[in-house]
Engineer: 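Please see the structure below; I have some questions.
All values derive from a computational prediction rather than experimental measurement. Protein chains get the first letters and strands the later ones, always in sequence-line order, with residue 1 at the start of each.
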Amino acid sequence: MMEWETVIGLEIHTQLATQSKIFSGAPTAYGAPPNSQACAVDLGLPGVLPVLNKEVVNMAIKFGLAIEAQIAPRSIFARKNYFYPDLPKGYQISQYELPIVEQGKLAIRLEDGSEKIIGVTRAHLEEDAGKSLHEDYHGMTGIDLNRAGTPLLEIVSEPDMRSAEEAVAYMKKIHALVRYLGISDGNMQEGSFRCDANVSVRPRGQIEFGTRSELKNINSFRFVERAINFEVERQIDLLEAGGEVIQETRLYDADRDETRSMRSKEEAMDYRYFPDPDLLPVEITSEHIESIRATLPELPEAKKDRFISDYGLKAEDAVILTASREMADYFEAVVESSGEAKLAANWVIGELAGYLNREDIAIGDSPITAGMLAGVIKRISDNTISGKIAKDVFDAMWNGEGDADTIIEQKGLKQITDTGELEAIVDKVIADNPEQVEQFRAGKEKVLGFFVGQCMKATGGKGNPAQLNQMLRDKLGK
Amino acid sequence: MSLDKSDVEKIAHLAQLGISEVDIPGYADNLSSILEMVEQMNAVDTAAVTPMAHPLDAVQPLREDRVTETDQRERFQAVAPSVDDGLYLVPRVVE
């Protein structure tokens, strides 16, 4: 049986979060009535001239700096020619030769904790096309040009990825990065972040790449994984049956979980790029690049290192907490008001992330604010409640029953600190379980856990496990 | 380099131009002579010359990121052949 190696490169289109379009002063807001944000430039009416948006250039520079890339001192725009009704000019303004960003790199972290560097070949600026609505409009196609001219940064990776898992890790890393930088909202439902995957397979050990297919317009992390896995299987089956992979564009159908050929695009692949005579070369000085560098926020890698050194977090926890800027900010807000970094990390990664995942809620929309989570953590650290009771308090807060102190008060969840009361419980548990007492005294340390559990049960969870542990040891040791 | 009939047909197709059969030899001749002229220029050593991206010796001015256009859909759609629900209608595109 032949062993196959998968080779993947990704092209990610990320919509830049500007107020106005890349070459016109029309707004870019999502969801406006059809064609209400398409001006004469976007419509490609005769006699109009594109003028480049300064912010778009600055955002591309930010991205380039964040991936340690080269920022081109001189960059040009080109026309990519093809005919489609949602592209009114008959060409898309893009970059071909001399893109604004070249040769960057990014580290991804894999399941087993190892790191891998993925090369970024280039990132170039271009305008988005409009939208075609194929529902029946009197037997015709409807065209909405609101999206036409929306600024995109197309980020092209090297064919450095070897599995769908690596591709997803890379895509997530780029997604987090553009959001950290504030250059894109990364909203996948609205199409602000989408990806094409170039996929091929080759016998392991072979130097040359196999023939690739291009999977178009994948707009979720889950789909990119499924689309690549399907495509790899398809290509291997084809090759093992003596067939050949043909270079083509394929569309991933999420409903059927399969890819299929888009033959219509085949012969239009000759885009006849040439420099756009309507636009002059863009020049970027090193002074300008440095002034942009000064505005860069703390990036995920630096933040992760700081979380480890300042808060004493474990590396894997710091990675999870810095995966998105929102989560990192939430965590830091909890630490600031509770003063308990490790407890904050455990609660954000454990309980909070669990609840958010289960109900598919973004951390920014969490019903438990950072202040509320800090409230329950403070009550754990001052011994008002145990960690176990805290979970009940958390659940009640999640269900909108108020803040931690209110819930603890109303439900009478305060920890029992009265030594006399606890002693009575401990004595009873010891008296009720003579067999286990023997085992413990015979050296079976593990039985202590059983006693603590019984005592906690007897207090209705309101005992302090550490205190009970100590009392049990004192009494059983006698 | 000289172009044949199939080259001309391909170029016409990419440009979405309808051309008639009888004109093809003439187009092939004209386009071929343009390519010959380019080939003559290829003979010049340009290794030390920065490729020209634009005939004007100037740099692209940039505009501030501000919305300056208002919605003029009614006026634009008044001259469109067919519209409905705010959409421009075009002959059906089949994917």
Engineer: Non-hydrogen atoms of chain B under 4.5 Å away: do they reach the side chain of A/S36, the backbone, both or neither?
Structural biologist: both

Engineer: Just wondering, more than 12 heavy atoms not from A/Y96 lying within 6.0 Å of its OH?
Structural biologist: no

Engineer: A side-chain contact here means heavy atoms from C-beta on lying under 4.5 Å apart; do A/V57 and B/L62 qualify?
Structural biologist: yes

Engineer: Where on A/A32 is there a heavy atom nearer than 4.5 Å to chain B: the side chain, the backbone, both, or neither?
Structural biologist: neither

Engineer: Side chain, backbone, both or neither: which part of B/P55 has an atom under 4.5 Å from a heavy atom of chain A?
Structural biologist: neither

Engineer: In terms of heavy-atom pairs under 4.5 Å, which option from A/P275, A/G139, A/A38 contacts chain B the most?
Structural biologist: A/G139

Engineer: Nearest 0.5 Å, please: how far is CZ in B/R66 from OG1 in A/T18?
Structural biologist: 13.5 Å

Engineer: Which atom pair, heavy atoms only, marks the closest approach of B/P61 to A/V51?
Structural biologist: O-CG1, 3.9 Å

Engineer: Given heavy-atom pairs under 4.5 angstrom as the criterion, report whether the side chain, backbone, both or neither of B/Q72 touches chain A.
Structural biologist: neither

Engineer: Using a cut-off of 6.0 Å, state whether more than 12 heavy atoms not belonging to B/D57 lie near its atom CG.
Structural biologist: no

Engineer: What's the shortest heavy-atom distance between B/A58 and A/P281, and which atoms?
Structural biologist: O-CD, 3.8 Å

Engineer: Dump the intermediate steps for side-chain contact (heavy atoms from CB on, under 4.5 Å) on B/L89 and A/I143, then the final yes or no.
Structural biologist: CA-CA 6 Å; B/L89 298 189; A/I143 304 291; over 6 Å; no

Engineer: Need one label for A/F23: side chain, backbone, both or neither, based on atoms under 4.5 Å from any heavy atom in chain B.
Structural biologist: backbone

Engineer: Given heavy-atom pairs under 4.5 angstrom as the criterion, report whether the side chain, backbone, both or neither of A/L52 touches chain B.
Structural biologist: both

Engineer: Given that the side chain runs from C-beta out, which part of B/R63 has a heavy atom under 4.5 Å from chain A: side chain, backbone, both or neither?
Structural biologist: both

Engineer: Which of the residues A/A40, A/P34, A/P27, A/A78 is involved in the greatest number of heavy-atom pairs with chain B at under 4.5 angstrom?
Structural biologist: A/P34

Engineer: Nearest 0.5 Å, what's the OH-CG distance between A/Y82 and B/L14?
Structural biologist: 14.5 Å

Engineer: Side chains of A/P33 and B/R73, heavy atoms from C-beta outward: is any pair under 4.5 Å?
Structural biologist: yes

Engineer: Could you pull out the closest heavy-atom pair between A/H134 and B/R92, with the gap in Å?
Structural biologist: O-NH2, 3.1 Å

Engineer: Looking at every non-hydrogen atom in both residues, tell me the closest pair between A/P85 and B/V90 and how far apart they are.
Structural biologist: CB-CG2, 3.8 Å

Engineer: With a 4.5 angstrom heavy-atom cut-off, could you sort out which part of A/L279 is near chain B: side chain, backbone, both or neither?
Structural biologist: both

Engineer: If I take atom CZ from residue A/R272 and atom CD1 from residue B/I11, how far apart are they, to the nearest 0.5 angstrom?
Structural biologist: 9.5 Å

Engineer: Heavy-atom distance under 4.5 Å between the side chains of B/Y88 and A/D144, does that happen here?
Structural biologist: no

Engineer: Does any backbone or side-chain atom of A/Q19 lie under 4.5 Å from a heavy atom of chain B? Answer side chain, backbone, both or neither.
Structural biologist: both

Engineer: Chain A heavy atoms under 4.5 Å from B/Q77: which part of the residue, side chain, backbone, both or neither?
Structural biologist: side chain

Engineer: Are more than 12 heavy atoms, taken from residues, nucleotides or ligands other than A/K80, located less than 6.0 Å from that residue's NZ atom?
Structural biologist: yes

Engineer: Using only atom types and a distance under 3.5 Å, with no angle test, would you say the side chain of B/E69 pairs donor to acceptor with the backbone of A/A26?
Structural biologist: no

Engineer: Tell me, side chain or backbone of B/S82 under 4.5 Å from chain A's heavy atoms, or both, or neither?
Structural biologist: side chain

Engineer: What I'd like to find out is whether the side chain of A/N35 reaches to under 4.5 Å of the side chain of B/F76, using heavy atoms alone.
Structural biologist: no

Engineer: So for A/I22, is it side chain, backbone, both, or neither that comes closer than 4.5 Å to the heavy atoms of chain B?
Structural biologist: backbone

Engineer: Within a radius of less than 6.0 Å around CD of A/E97, do more than 12 heavy atoms belonging to other residues, nucleotides or ligands occur?
Structural biologist: no

Engineer: Let me know which of A/N58, A/T28, A/N53 forms a side chain to side chain donor-acceptor pair (under 3.5 Å) with B/D65.
Structural biologist: A/N53

Engineer: Given the rule in the side-chain contact (heavy atoms from CB on, under 4.5 Å) test, do A/L280 and B/V59 qualify, once you have shown the distances and angles that lead to the verdict?
Structural biologist: CA-CA 6 Å; A/L280 292 157; B/V59 170; 5.8 Å; no

Engineer: Measuring from B/H54:NE2 to A/D278:CG, what's the distance to the nearest 0.5 Å?
Structural biologist: 7.5 Å

Engineer: Side chain from CB out, backbone as N, CA, C, O: work out which of these in A/L45 comes under 4.5 Å of a heavy atom of chain B, or both, or neither.
Structural biologist: side chain

Engineer: Quick one: closest heavy-atom pair of B/Q60 and A/V282, and the distance?
Structural biologist: CB-CG2, 4.2 Å

Engineer: Residues two or more places apart in sequence or in another chain: which of them pass side chain to side chain donor-acceptor pair (under 3.5 Å) with A/R74?
Structural biologist: none

Engineer: What's the separation between atom CG in B/D85 and atom CG in A/L133, rounded to the nearest 0.5 Å?
Structural biologist: 10.0 Å

